[in-house]
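Following: one structure in structure tokens, then a few remarks.
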Amino acid sequence: MINMTEQEEDLIYRMYKLVGDRWALIAGRIPGRKAEEIERFWIMRHGECYADKRRERKS
């Protein structure tokens, strides 16, 4: 799992709503983060294969 601060997560969600999956553009707003890292974070949070794992952890 990629660790992001709450502020980084919030910015990623807000930027995604504005620009979609333009990861390089989003990463440019977060110092020290690369586009690939942002994309992996997004996929881990929203990918279907990870959704089941998150549900299992919550149970």
Report task. Tell me whether the centres of the aromatic rings in Tyr13 and His46 are closer together than 6.0 Å. Result -> yes
**Report entry** From CD1 (Ile30) to CD (Glu9), nearest 0.5 Å
**Finding:** 10.0 Å
**Report entry** Exercise: identify the closest heavy-atom pair between Arg40 and Ile2
**Finding:** CB-CD1, 3.5 Å
Query - Qualifying residue, where the test is side-chain contact (heavy atoms from CB on, under 4.5 Å) with Ile12 and the options are Arg29, Arg45, Met4 - result: Met4
Query raised in the report: Of Leu18, Val19, Leu11, which meets side-chain contact (heavy atoms from CB on, under 4.5 Å) against Ile26?
Result: Val19
Query - Distance-minimising heavy-atom pair for Ala27 and Ile38 - result: CB-CG1, 3.9 Å
Query - Close side-chain approach of Phe41 and Arg33, heavy atoms under 4.5 Å - result: no
Query raised in the report: Can you list every pair that meets side-chain hydrogen bond (donor to acceptor under 3.5 Å, both in side chains) and has a residue in residues 14-26, with sequence neighbours left out?
Result: Asp10-Arg14
